[in-house]
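Written out below as structure tokens is the structure these notes cover.
Keep in mind that the numbers below use all heavy atoms, side chains included, and drop hydrogens, waters and symmetry copies. The sequence lines fix the lettering, A, B, ..., with proteins before strands; numbering per chain opens at 1.
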Amino acid sequence: MEKEVILDIKYLDKSYGSTTVLKNINMQCYAGEVFGFLGPNGAGKTTTIKIVAGLIKKDCGVVTVCGKDLKQDFEGALSCIGAIVENPEMYKYLSGLDNMKQYARMRGIDDPRRLDEVISMVGMSNRIKEKVSRYSLGMRQRLGVAQALLHQPKLLILDEPMNGLDPEGIYELRMILKRLAHENGICVVVSSHIMSEMEQLCDRVGIISGGRMIGTYTVEELIDQGKDTFCVYEFKVSDAGKAAQLCGLDEKHYDVNAENDILLCSIKSDTEADTLADINRRICAGGVKLYTVTPKSTKSLEDVFISLTHDSQGGGQIA
Amino acid sequence: MHKFMALMKNEYIKILKKTSSKVFLVLMFLSVIFIALQTLPSRPYDISRAKKNTNTTVDRHIDLRHKLEDEKPPYYQEKIDLLKEITLYNLYSGSWQEQAILSIVNTDLSSEDEFPVETVKKIKEYITTDDWQGYFELALKEQKLSAGTKWKYKFCIEKNAAPDDSSWRAELINDVQKTLDSSEKNNDLSKVQKDELALWTYQLENDIAINLSDYHSDNFIVSLFRGNKWSMWMGYSFLIHAVTILLIIFASGSVANEYSHGTIKFLLVNPVKRWKILLSKYCTIISMGIILTAIVFIICGIIASISDFDNSLKAASLTVKDAQVHRSSAFFVVFKTWALNSLTMLVVVTFTFSVSSFTRKSAAAITLSLVFLLLGATLSSFLSATDSDWGRFLLFSNLDIQNIADGNPLFYGQTVEFAVFVIIEHMAVFLITAFDAFNKKDI
């Protein structure tokens, strides 16, 4: 099924003076998906988002939102976008409701029911008349989401929306975003560097590093990429040296600590479960006491992310 | 248009819902009312420029008596008797009664003439019954009068205006009389005198006690002490500065605070072009300035009219050109003065706005604007005093359009057109800077 392209970024370049921040960024986001925008600090996530939200002028490239060119039809393109960029800053001396009314007026929304609707959607109905200065970060974050949803945008851009939210808030927001994308057909773009969160939320991710787009993948694709990688397990045993002999792995795939009670094994991720069961059996059969087995790292987006972004930039320096 | 009004409404809410703004607003109005009441005159101002001479001493006409005794003209004894009567009636110098008696004494009678006993008798009767109309009619009929005196007597009878009272009329009547007399003597009047005569006659005929255009080039404080509601209302126009300072505070924050609070990001992600947002901010500040100035204008008008001691006095602005009097209504002139004084506010606030948009620092905008407001005029006067002619190109030198139009510019040969050009040019630079900076800045 051919999906409608909501956000189309082509050949996007941006530099501040002699520092190149973005170089030839290309990406497409479709209606009905949650798109995760991943990258380490300073990779250019926020810059890209700011360009799409009209806060920064691009050097060159084409940004199209719902078929409207950002430069030619600025107001048309932006009216399809709802966004939170960086921290949700509101007018602190106004109440939450007054803040929302400000946005409603700017976007030409006269219906007060729509305000109530988005406010209750983010669970702020009880505190909406309080001044924003009394809100916690999480509450402001919720208000920010409400603000971004107010005009029913086709494209929702959230820059690190989970910051400051409590676990329940994160769960609720995740559900809201997924519902918006999958049921209402909105394109949700979420930037973050919290990988586990992205893994649970996103349908597709785009990875950016050092101002370059490394690629866009579905989450499944990424995890598949992780098949050649190894997971490390920690075996707490009575005699690590003996256990190492027993486990039947290559010498370079295990390590024994100085106290001789911990065995670290690198296990190929695609056959992880079987290998693990095999090692357990062997150690027990060999008469070594096996106390605990703990995964030191799991195969996940995180590994792929680190391996992908680490390649492109030397030594993890901020680009 | 509807959307633009919505943007302006947003800006109004942002400014007016702030606690500090409310405090500043209240403070501004309180200080305006306080200063307006503080500068109220405690007594009605005496409009006549010279105090009436109340000299009633016996020897006022001693010289005249000696002269009569020395020269011994016909009927000198009768004349001396009459002079003594002046003392008898205890008449003030310059009063119509004294003039009436002196008119007999000063008439050169030859020995063939008969001493006008009847007239003298009548004059004495008029003096005792204080009937100036009677005397004036008599004098016009029977006596030979100078042109000025004739005009005065006719005028007083026509207008039923008592001579020698302490009202503003007496003064002007005497001025006109003197000018007419001198024109009779010299057969001609200078251009200035003609203009003055036209002005005074106009004032007397139309009953205009206060000519507001007298106060234009004065210090505004002076007109406060004239005790008339119009002149005071005009003088209160210096209170516009209170509004200006308040607006500087509002304007300095209107762009800069969005940056310092971080709300600029949420302002600019809205589907509204940046220049529209900035324009709505500018229009908000300017319209607020107009509204506040209008309120202060009305407050001052109320205070001025409550405190007016003599409501019967009529005021208007009269200007004379080629002996033709041009009249503008008092309200028009007061309004014009306020409007021209607001011009400085407009320019300063535009400047504040521009600095606020350009530097994104409200402190910088406030500081620079106050320096502009407080030192600008001083700088211009200084340059003018030190003959630095380039000072005429400065904005500050061109803000006092009223004085330039009245022909009292700081620098020789400044014209209104030039001033308007300099102001527009500066405003354009300020606004272009503001909009350019706001449009281009990456957030």
Identify which of [options] forms the greatest number of heavy-atom pairs closer than 4.5 Å to chain B.
options: A:Leu55, A:Ile56, A:Asp98; result: A:Leu55
options: A:Ile81, A:Ile157, A:Asn87; result: A:Asn87
options: A:Val52, A:Leu78, A:Ile51; result: A:Leu78

In short, side chain to side chain donor-acceptor pair (under 3.5 Å) pairs touching residues 427-439 of chain B with sequence neighbours left out are B:Asp436-B:Lys440
Counting only non-hydrogen atoms closer than 4.5 Å, does B:Leu7 touch chain A with its backbone (N, CA, C, O), its side chain (CB onward), both, or neither?
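When you check distances to chain A, only side chain atoms of B:Leu7 fall under 4.5 Å.
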For B:Lys3, is it the side chain, the backbone, both or neither that has a heavy atom under 4.5 Å from a heavy atom of chain A?
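The side chain, not the backbone.
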Measuring heavy-atom distances to chain B, does [X] have an atom under 4.5 Å in its side chain, in its backbone, in both, or in neither?
X: A:Tyr91; answer: both
X: A:Lys50; answer: side chain
X: A:Lys14; answer: side chain

How are the rings of B:Phe335 and B:Phe297 set relative to one another: parallel (under 30°), tilted (30 to 60°) or perpendicular (over 60°)?
perpendicular
Measure from the side-chain N and O atoms of B:Ser357 to the backbone N and O of B:Ala434, and report whether any donor-acceptor pair falls under 3.5 Å.
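A pair under 3.5 Å: yes.
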Who passes side chain to side chain contact (heavy atoms under 4.5 Å, CB included) against B:Lys361, sequence neighbours left out?
B:Thr359, B:Ala364
Do you see a donor-acceptor pair shorter than 3.5 Å between the side chains of A:Ser191 and A:Asp159?
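Indeed, the side chains of A:Ser191 and A:Asp159 share at least one donor-acceptor pair under 3.5 Å.
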Interface check, chain A: of B:Leu267, B:Val269, B:Ile277, B:Thr19, most non-hydrogen pairs under 4.5 Å belong to B:Val269
Which residue out of B:Lys17, B:Lys18, B:His261 racks up the most heavy-atom pairs below 4.5 Å with chain A?
B:Lys18
Sidechain N-carboxylate O distance under 4.0 Å for A:Asp116, A:Arg114:
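A:Arg114 and A:Asp116: not salt-bridged.
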Lys/Arg-Asp/Glu bridge criterion (N-O < 4.0 Å) met for B:Glu258, B:Lys14:
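Yes.
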